[in-house]
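Quick caveat, the model's predicted, so the values are computed rather than measured. All residue numbers refer to positions in the sequence shown, counting from 1.
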Amino acid sequence: MAEEARWYVVHTYSGYEKTVSETIARAAENRKMQDLILEINIPMETVTEVTGTQTKTVERKVFPGYVLVKMIMTDESWHLVRNVRGVTGFVGSANKAVPLTDEEIAALGVEKQNVEVKFDIGDSVKVIDGPLDGFMGTVDEIEIDKRRVRVIVSMFGRETPVDLDFEQIELVKES
């Protein structure tokens, strides 16, 4: 395949998201198109609802009426998805489906990226990018989901917490 699989947003009748995703998966399997339609996702969020004295945790659709499909866009795959009962079309302009950008995919949390952290709380690090380039500090807090780290840096004789991206620091090797 010359093209890379991308995420596309499919508009459905509200309430038909699960049926549409199952139908697309079944049709792709029946037509031996699993190499074109790779993944189907209905973005969900867990919400705690409080009613009076009761609290209950429920799964709720983040975007009712929409299904995300990771696929290689060809005429064949477009027609398969477009002709499923309950699908009203792809999100895009006219008959041209527009794929989601990498930033949109990351914001939606559709694809989980494995983040390898090479440092731990208490480790000595050196800032290698940004206005504090060259400063030394100690890791105070790590936020893996946001790819951020809080480093305590000594500035003008004071300990100052600084929030940085993982790529802005490197572990100082003890010799």
Side-chain angles (χ1 to χ4, degrees), residues 1-12 17 21 24 34-50 55 57-74 77-78 81 89-94 96-175:
M1 288 287 147
E3 249 184 280
E4 187 181 318
R6 304 286 306 266
W7 282 99
Y8 293 90
V9 180
V10 177
H11 189 261
T12 68
E17 300 88 355
S21 69
I24 292 171
Q34 297 98 322
D35 58 331
L36 295 177
I37 297 176
L38 307 174
E39 205 174 324
I40 302 162
N41 187 309
I42 302 169
M44 303 290 274
E45 64 182 348
T46 305
V47 180
T48 304
E49 291 180 347
V50 180
T55 58
T57 305
V58 293
E59 286 271 304
R60 186 182 296 159
K61 295 177 190 92
V62 178
F63 304 109
Y66 294 95
V67 174
L68 304 178
V69 181
K70 185 174 188 176
M71 59 190 277
I72 297 171
M73 186 61 75
T74 64
S77 63
W78 184 89
V81 173
F90 282 93
V91 172
S93 57
K96 177 93 172 90
V98 178
L100 293 172
T101 64
D102 293 338
E103 293 79 24
E104 291 168 330
I105 293 165
L108 290 172
V110 176
E111 287 186 344
K112 303 291 181 225
Q113 287 140 354
N114 292 336
V115 179
E116 188 177 322
V117 181
K118 294 182 171 107
F119 42 83
D120 206 352
I121 293 174
D123 286 350
S124 294
V125 293
K126 179 180 180 182
V127 180
I128 57 170
D129 185 35
L132 301 177
D133 189 0
F135 276 78
M136 303 294 281
T138 307
V139 176
D140 184 48
E141 187 180 308
I142 300 171
E143 293 182 70
I144 292 175
D145 55 332
K146 294 182 181 175
R147 301 181 57 86
R148 308 267 309 154
V149 63
R150 177 176 292 146
V151 177
I152 304 295
V153 178
S154 180
M155 245 190 281
F156 310 114
R158 300 181 104 175
E159 300 286 300
T160 307
V162 181
D163 286 331
L164 301 165
D165 292 332
F166 286 171
E167 296 79 31
Q168 290 182 287
I169 64 170
E170 69 180 16
L171 187 62
V172 176
K173 300 197 176 28
E174 306 282 332
S175 13

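For the atom pair Met73 CE and Ile37 CD1, the distance stands at 9.0 Å (nearest 0.5 Å). Trp78 contributes atom CH2, which lies 10.0 Å from atom CE of Met71 (distance to the nearest 0.5 angstrom). The CD atom of Glu143 lies 8.0 Å from the CZ atom of Arg148; values are rounded to the nearest 0.5 Å. Between atom CD1 of residue Ile169 and atom CE of residue Met136 there is a gap of 11.0 Å, rounded to the nearest 0.5 Å. Within the model, atoms CG of Asp123 and CD1 of Ile142 stand 7.5 Å from one another, a figure rounded to the nearest 0.5 Å. Annotation: the span from Thr46 atom OG1 to Arg60 atom CZ amounts to 10.5 Å, rounded to 0.5 Å.
Met44 approaches Val62 most closely through the heavy-atom pair C-CG2, 3.7 Å. Taking all atoms of both residues into account, the shortest heavy-atom contact from Lys126 to Gly134 is CE-CA, 4.1 Å. When all heavy atoms are compared, the tightest approach of Leu171 to Val125 is CA-CG1, 4.2 Å. Between Glu17 and Thr12, the shortest heavy-atom contact is CG-OG1, 3.8 Å. Nearest heavy atoms, Ile42 versus Ser21: CD1-OG, 3.8 Å.
Listed by first and then second residue, the ring-ring contact (aromatic ring centres under 6.0 Å, His included) pairs involving residues 137-158 amount to none (not counting sequence neighbours). Sorted by first and then second residue, the side chain to side chain donor-acceptor pair (under 3.5 Å) pairs with a member in residues 127-142 read Glu141-Arg150; sequence neighbours excluded.
Of the options Val151, Val172, Val139, a side-chain contact (heavy atoms from CB on, under 4.5 Å) to Phe119 is made by Val139 and by none of the others.
Using a distance-only test at 3.5 Å, with no hydrogens or angles considered, a donor-acceptor pair links the side chain of Ser77 to the main chain of Ile72. For the pair Glu159 (side chain) and Ser154 (backbone), a donor-acceptor distance under 3.5 Å is absent.
Side-chain contact between Lys61 and Tyr66: absent, with no pair of heavy atoms (C-beta onward) separated by less than 4.5 Å. Residues Trp7 and Asn41 have side chains in contact (heavy-atom distance under 4.5 Å, counting atoms from C-beta outward).
Taking the ring pair (Phe, Tyr, Trp, His ring centres under 6.0 Å) definition, one finds that Phe135 meets it with nothing, sequence neighbours left out.
By the 30° and 60° cut-offs, the orientation of the rings of Phe90 relative to Tyr8 is perpendicular.
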